Amino acid sequence: MRILFKSVLILDSTSTYFQQKVDLLAENGIWKELAPSITSSVDTQVDCENLSWYPSVIDLRVHHTLPGGEFKEDWNSLKSAAIRGGVLDMALLPTGNPVPQQAEAIQFIANQTTEVSFYPIAPLTLDNKGENFTDLYDLHQAGAEWFSHGAGSLQNTDLMVKCLQYLQTLPVTLVTRPNTEGLSLYGQIHEGLQSTLMGLKGIPVLAETLSIKRDLDLLRYVQSNSFGNGNKEFKLHISCLSCQESVDLIRQAKKEGLPVSADVAIHQLIFTESDVSDFDTNKKVNPPFRTQEDQDALWKGLVDGTIDAIVSDHHPVEVEMKEIEFDQASFGVVGLETLLPALLQAAKLRNIQSVDTWIHHGPAKLLGIDSAQLAVGNPSKGVLVALKNQEYEASQIVSKSKNSAFLNHTFDHQIVGVLNGTFYTSF
């Protein structure tokens, strides 16, 4: 099968053709030729106006609903949503019911690798209860290289320090979504002007920053008392930053040389606290949308390298838990299908020319996988995007859950094809 893509603007910053228009020829899943003009006979030719090429998206944070949550997302819908959004590699949180916490479960998830590659994140404690450890070493031996306390933060300080002490001897990543539950309990949106106007209990910035400070202090303690047993590849990953102070804390930790990385969810880069003034439950997320100043700090953190990756934080929620009163509705939005179009539109508004480091090269480095290099002889893998306005409607969502924050939003970039050996189109 020979596929020719004509006059494509290359927006992979690692490519020798970066910001140039070239023709791309793929044959049987391998790049055969890259040149200003290719006239070879082919089986399929793709020739659209304003066509751009991006490396595929690597998503470090996807809420796993399996087993037990097939009504929200199953393997087929998860793969379809990922391909629709150009996400060909993803890390799955241990959020199924029951929790996938056996070696066999980790291997099963990792082996679901056909069109999309899955990287299972193993739980730190049994059933994510924060009481008893899982078999951390056995899970690592089974293939788990990331560990977390479900989708959140391990509240028990003693357990957290012991997890750090044990895992820092292995080439793994401990990921946490910072939250001090005693401060965020019953909270609905960002604690500030908007929560006061809406009469809703707020979630203060302190709930996030206090958790980050605790974990960084524990990491400093563990590192200074490792007695030479620390693994150089161990890392503490702080997920879903939402405020300026959090960015400042990560920036300082990196300057100290601590093994720390961080990500931000795409919706935090686009929405602020004012966007929930209409009580739209599809915009109810945790951490909540914060102020414009916080959002500007998140973008600054991306540009200066403090924040390593942008994630979807894809969190399917059944319609019954969204079409109810705001304070009763569940947190979470789906985002696999919209991560790339939303990012490209937001970056354009901020005059940012290159985003591939945050959605591909940075995440690839953190996961320890090879980047999809655009070069002759390499596997053909990436995303074709056209400049085209399109309103995003529920009928277009292929995820089983429709709780998108972008419903009825008009994107100015549209994914027209995804290549991973096979060419997926008809979007």
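What you see is a predicted model, and the numbers here were worked out from it, not measured in a lab.
- Listed for the Ser153 side chain is no donor-acceptor partner under 3.5 Å among the backbone atoms of Pro178.
- Rounded to the nearest 0.5 Å, atoms CG (Asn179) and CG (Leu210) are 10.5 Å apart.
- Without hydrogens or angle criteria, Ser399 side chain to Ser401 main chain gives a donor-acceptor distance under 3.5 Å.
- Counting heavy atoms of neighbouring residues, nucleotides and ligands inside a 6.0 Å radius, atom CD of Glu70 exceeds 12 of them.
- Note: Phe406 and Phe271 meet the aromatic proximity criterion, with ring centroids under 6.0 Å apart.
- Comment: Lys348 engages Asp412 in a salt bridge, judged by a side-chain N to carboxylate O separation of less than 4.0 angstrom.
- Between the side chains of Ser246 and Glu208, at least one donor N or O sits under 3.5 Å from an acceptor N or O.
- With salt bridges taken as basic N to acidic carboxylate O contacts below 4.0 Å, none links Lys381 and Asp370.
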>> Does Gln390 form a side chain to side chain contact (heavy atoms under 4.5 Å, CB included) with Tyr392? I'd like the steps, not just the answer.
In response: CA-CA 6 Å; Gln390 183 180 42; Tyr392 192 64; 6.0 Å; no

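- A donor and an acceptor atom, one from each side chain of Ser371 and His361, are located under 3.5 Å apart.
- Here the closest heavy-atom approach between residue Val276 and residue Phe289 is recorded as CG1-CD1, 4.0 Å.
- Between the side chain of Arg84 and the backbone N or O of Ile415, no donor-acceptor pair lies under 3.5 Å.
- Shown here are the salt bridge (charged side-chain N to carboxylate O under 4.0 Å, His left out) partners of Lys254, two or more places apart in sequence or in another chain: Asp308.
- Between the side chain of His413 and the backbone N or O of Pro341 there is no donor-acceptor pair closer than 3.5 Å.
- When side chains are defined from C-beta on, His190 counts as touching Val205, because their heavy atoms get closer than 4.5 Å.
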>> Please determine whether side chain to side chain contact (heavy atoms under 4.5 Å, CB included) holds for the pair Thr281 and Ile324, giving the CA-CA distance in whole Å, both sets of side-chain angles, and the decisive distance to 0.1 Å.
In response: CA-CA 8 Å; Thr281 58; Ile324 54 178; 5.8 Å; no

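- Aromatic ring centres of Phe5 and Phe423: separated by under 6.0 Å.
- Applying the ring pair (Phe, Tyr, Trp, His ring centres under 6.0 Å) rule to Tyr119 yields no partners; only residues at least two apart in sequence or on another chain are considered.
- Within the 3.5 Å criterion, the main-chain N or O of Pro55 finds no donor-acceptor partner in the side chain of Asp12.
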>> Phe234 vs Leu164, test: side chain to side chain contact (heavy atoms under 4.5 Å, CB included). Steps then yes/no.
In response: CA-CA 9 Å; Phe234 171 77; Leu164 285 167; 3.8 Å; yes

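- Note on Arg220 versus Asp217: salt bridge recorded, some NZ/NE/NH1/NH2 to OD/OE distance being below 4.0 Å.
- Side-chain polar atoms of Asp356 and Ser354 form a donor-acceptor pair below 3.5 angstrom.
- Closest heavy-atom contact between Val87 and Leu336: CG2-O, 3.8 Å.
- Heavy atoms only, all atoms of each residue included: Leu154 and Gly130 are closest at CD1-CA, 3.8 Å.
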Under 3.5 Å, which donor-acceptor pairs link side chains of residues 137-146 to any protein atom two or more places apart or in another chain?
{"unit_1": "His140", "atom_1": "ND1", "unit_2": "Ala144", "atom_2": "O", "d": "3.0"}

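- Rounding to the nearest 0.5 angstrom, the gap separating the CE atom in Met160 from the CG atom in Asp215 is 4.0 Å.
- The pair Asp313-Arg177 does not meet the salt-bridge criterion, since no charged nitrogen lies less than 4.0 angstrom from a carboxylate oxygen.
- In terms of the salt bridge (charged side-chain N to carboxylate O under 4.0 Å, His left out) criterion, residue partners of Arg350 (sequence neighbours excluded) are, by chain and number, Asp296.
- A side-chain donor-acceptor contact under 3.5 Å links Asn28 to the backbone of Met1.
- No donor-acceptor distance shorter than 3.5 angstrom exists from the side chain of Glu73 to the backbone of Phe71, with no hydrogens or angles considered.
- At a threshold of 4.5 Å between non-hydrogen side-chain atoms, the residues Pro120 and Pro94 do not count as touching.
- Between Ala375 and Leu34, the shortest heavy-atom contact is CA-CD1, 3.9 Å.
- A donor-acceptor pair shorter than 3.5 Å cannot be found between the side chains of Asp89 and His360.
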>> The test is side chain to side chain contact (heavy atoms under 4.5 Å, CB included); show your working for Asn231 and Thr169 and say whether it passes.
In response: CA-CA 5 Å; Asn231 192 291; Thr169 65; 5.7 Å; no

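- The neighbour count for Lys402 NZ, taken as heavy atoms of other residues, nucleotides or ligands under 6.0 Å away, is above 12.
- Among Glu27, Glu33, Gln45, the single residue meeting the side chain to side chain donor-acceptor pair (under 3.5 Å) criterion with Arg2 is Glu27.
- Under the salt bridge (charged side-chain N to carboxylate O under 4.0 Å, His left out) criterion, Lys162 pairs with Asp158, sequence neighbours left out.
- At least one side-chain heavy atom of Leu24 sits less than 4.5 Å from a side-chain heavy atom of Ile10.
- Open room surrounds OH on Tyr221; 12 or fewer heavy atoms of other groups in view lie less than 6.0 Å from it.
- Minimum heavy-atom separation, Asn403 to His315: ND2-O, 3.0 Å.
- For the pair Cys163/Phe147, no side-chain contact is recorded, criterion being any heavy-atom separation below 4.5 Å from C-beta on.
- Residues satisfying the salt bridge (charged side-chain N to carboxylate O under 4.0 Å, His left out) test with Asp74, not counting sequence neighbours, are Lys400.
- The neighbour count for Asn225 CG, taken as heavy atoms of other residues, nucleotides or ligands under 6.0 Å away, is above 12.
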